[in-house]
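This report concerns only the one structure given below.
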Number of protein chains: 2
Amino acid sequence: MLSKKFAYALRGLTYIALHGSIEKKISLQELSDGIDVPHFFLGKIMQELVRNEIVSSVKGPGGGFWIEDSAMNRSAFEILKMIDPKVVASNCLMGKKNCDHDRPCPLHAEYVACRNTLFDSLKETTLFNLAGKVEAGELFLDEKNNSKICTL
Amino acid sequence: MLSKKFAYALRGLTYIALHGSIEKKISLQELSDGIDVPHFFLGKIMQELVRNEIVSSVKGPGGGFWIEDSAMNRSAFEILKMIDPKVVASNCLMGKKNCDHDRPCPLHAEYVACRNTLFDSLKETTLFNLAGKVEAGELFLDEKNNSKICTL
DNA sequence: TAAATTAAAGATATTTATGTCTTTAATTTA
DNA sequence: TAAATTAAAGACATAAATATCTTTAATTTA
């Protein structure tokens, strides 16, 4: 796991992408229950995603969160940079100050290769993809029941 | 970076592997100066490595740390498991409780592939390798000077 | 043996990440 | 318009990681 913030953000976004829409907004209550994440902490994360226009929200009765179609193609990598910029920045396993191709630490090549592979995957994975994979039924977000139907 | 502890451990071990021996023990003072890491924090990390028999030490004047030949083939992965077991254990990017091949999260395959690649590299990299790479002169540990000769 | 040196151990402090609670603002509904 | 509902914002609390300091134990040297 890179951080809880990022993990919760991905779970929350997937839930909203899957179950929400402009007609069916997802309240923070439903969301934190649905993905089993601390209510208020998730609230803070959602605020950040709203500020960054990944998620839309309205207050008041019937209010909640949803994702506009235009935001459904934002990538998991964009979310990571937004939520956890330090993780993306810290590019040396050995904590060397300026670790790069020209003056690499002894593990530079291996670590860069690994990170690039992951980051490329995250760049290719959109919110639409995340929801689609869960909907396809082979993938799951939690363990609330044992059925093949994902409770998310 | 996985954690500062692991980063500092790798730097310290590489320094000792490169500059130390039973005849030339490395004091904590020399070590923390040499790799530019907080003295006492590094001390704690070294204690853990000594307890786990990666590093040998003696107290008193002329005392310090060194690595026995038999320990020079311990891998970076062993160090990671020892220093930071949680990092090795936390195997889901989305924080799903039981994320595995049978009930994967939507990013399971990608994340596992990335981690395995890195872990395999770390398993193949011994303390001997780390020192050797630095000694070969293409790789570096710090930026204390600009020469091609690694100050480590 | 006494003094000096060095790592080990333990206590404490600070910072960052994570988690919680309260108040405010926006919106809807009666 | 008043009451209810919900997210936003801000303050606060706790836990984990990182960092520091002090005391103790081992070893060497004079």
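Proteins come first, then strands; the chains are lettered A, B, ... in the order of their sequence lines, and each starts at number 1.
- Donor-acceptor pairing under 3.5 Å, judged by distance alone, is absent between the side chain of B/Gln47 and the base of C/dA7.
- You'll find that the side chain of A/Phe65 is closest to D/dA7, out of D/dA19, C/dT27, D/dA7.
- Nearest-nucleotide positions on DNA chain C place A/Ser3 closer to the 5' end than the other of A/Lys59 and A/Ser3.
- Under 4.0 angstrom from either OP1 or OP2 of C/dA8 there lies no side-chain N or O belonging to B/Arg51.
- When the nucleotides C/dA7, D/dA7, D/dT20 are ranked by their closest atom to the side chain of B/Phe40, D/dT20 comes out on top.
- Within the nucleic acid shown, B/Gly43 has no heavy atom closer than 4.0 Å to any nucleic acid atom.
- Considering only side-chain N and O atoms, B/Lys4 lies under 4.0 angstrom from the phosphate OP1 or OP2 of D/dA19.
- A salt bridge is defined here as a Lys NZ or Arg NE, NH1 or NH2 lying under 4.0 Å from an Asp or Glu carboxylate O, and B/Lys97 with A/Asp36 meets this definition.
- Taking 4.0 Å as the cut-off between side-chain N and carboxylate O, A/Arg74 and A/Glu53 do not count as a salt-bridged pair.
- Look at A/Ser57 and you'll find a side-chain N or O under 4.0 angstrom from OP1 or OP2 of D/dA8.
- Listed candidates were C/dT6, D/dA19, D/dA7. Nearest to the side chain of B/Ser27 is C/dT6.
- When each of B/His19, B/Lys24, B/Glu23 is paired with B/Ser21, the side-chain hydrogen bond (donor to acceptor under 3.5 Å, both in side chains) condition holds for B/Glu23 and for no other.
- Scanning DNA chain D for stems, defined as runs of 3 or more consecutive Watson-Crick or G-U wobble pairs whose donor-acceptor distances all fall under 3.5 Å, gives the following ranges: C:1-30 with D:1-30.
- Phosphate proximity of D/dT18 to B/Tyr8: absent, as no side-chain N or O sits under 4.0 Å from OP1 or OP2.
- A salt bridge is defined here as a Lys NZ or Arg NE, NH1 or NH2 lying under 4.0 Å from an Asp or Glu carboxylate O, and B/Glu110 with A/Lys123 fails to meet this definition.
- Here the closest non-hydrogen pair linking A/Ala71 and A/Leu127 is O-CD1, 3.7 Å.
- B/Met1 places its CE atom 14 Å from the P atom of D/dA17, with the value rounded to the nearest Å.
- Judged by distance alone, with hydrogens and angles left aside, the side-chain atoms of A/Asn52 form no donor-acceptor pair with the main-chain N or O of A/Ile54 at under 3.5 Å.
- Interface remark: the B/Lys44 side chain does form a donor-acceptor pair with the C/dG10 base, using a distance-only criterion of under 3.5 Å.
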Verdict with supporting geometry, B/Asp120 and B/Thr117, side chain to side chain donor-acceptor pair (under 3.5 Å): CA-CA 5 Å; B/Asp120 286 348; B/Thr117 304; over 6 Å; no
